[in-house]
Amino acid sequence: MIATADFTHLENAAAEDVLAWGIETFHDRLALSTSFQAEGMVLLDMAARLDPRVRVFTIDTGRLPQQTYDLMAEVHRRYGIRVEVVFPEAGEVETMVGLHGPNLFYDSVPNRMLCCEVRKVRPLARKLRSLDAWVTGLRRGQSASRVEVRRVEIDAAHGEILKLNPLADWTVEQVEAYTRAHDVPRHAFYAQGYTSIGCAPCSRAIHPGEDSRAGRWWWENDARKECGIHFSPGGKVEREADVLLKEILRAS
Ligand code: SF4
């Protein structure tokens, strides 16, 4: 659906105001997407204060660490929010694992992107087809590929629904300050030195001096540290991953 709402006034608005506008404008046609990292938890806390009925969803890739499920359960205890869990298509996962093995992501960048496509990107696209707006915890400071993130964007990759990124201009220090001030639950991996958390086999703690996303797909040296949900890598790697995906879809 093409969003027709006027949102130009929000580019310099506070994060809470962006979120409040989104909830008031779209009601249950808006949902917050979170993988339970610090930014998503800040937004979840803010949104729950604005409207305890706010919808929250997550993608369960089937490879998440137990600590992520623990935090999901804590969200229900603390906020009364039952997170909507989106799963990949079982047939696609079965075909992919049958053809390439359970740990295909370590074999090549196209294989890793195929896994992210089947386990994350396609389930997300399916979920977003039922929404008019979604909220993410993207921040410009997270990586070079995120410097252009705006507070409110039309999401051309997902049917031109609205994508709200209320924390676009926040620093990591602001995220931490909000977390402390409101006693927001934190993913247990932060205490172990993780600075970015996703699937268990594809995330590790960073070493001193490393970039904050260095722990994601840590064995890859020259690939963009993105899964394809927010940004596509383009070029040869994406074309190779596309060929692999077509093979999966034909066989599923
Ligand atoms: Fe697969 Fe790793 Fe991507 Fe998770 S992060 S979907 S396990 S490649």
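What you see is a predicted model, and the numbers here were worked out from it, not measured in a lab. When a ligand or atom number is given, it counts from 1 through the structure's own listing order.
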For [Y], is there an ion pair with [X] - N to carboxylate O distance below 4.0 angstrom?
X	Y	value
E89	R122	no
R77	E74	yes
E210	R204	yes

- request: Dump the intermediate steps for side chain to side chain donor-acceptor pair (under 3.5 Å) on N111 and Y106, then the final yes or no.
  value: CA-CA 8 Å; N111 270 14; Y106 294 138; over 6 Å; no
Distance from [atom] to nearest protein heavy atom, with residue and atom:
atom	answer
atom 1 (Fe) of ligand 1	C115 SG, 2.4 Å
atom 2 (Fe) of ligand 1	C202 SG, 2.2 Å
atom 3 (Fe) of ligand 1	C116 SG, 2.3 Å

task: Run the numbers for me: atoms of ligand 1, each under 4.0 Å from some heavy atom of R119, listed by number.
output: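 By the 4.0 Å cutoff, the relevant atoms are 1 (Fe), 6 (S).
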- prompt: Of the listed options (F105, W217, Y106), which comes nearest to atom 5 (S) of ligand 1 when hydrogens are ignored and any heavy atom counts?
  reply: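 The option holding the nearest heavy atom is W217.
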- request: Output yes if C199 passes the N/O/S-under-2.8 Å test against atom 3 (Fe) of ligand 1; output no otherwise.
  value: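 No N, O or S atom of C199 is closer than 2.8 Å to atom 3 (Fe) of ligand 1, so no.
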query: Does the side chain of H182 pick up a donor-acceptor pair with the side chain of R49 at under 3.5 Å?
result: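 Note: H182 and R49 side chains meet the donor-acceptor criterion.
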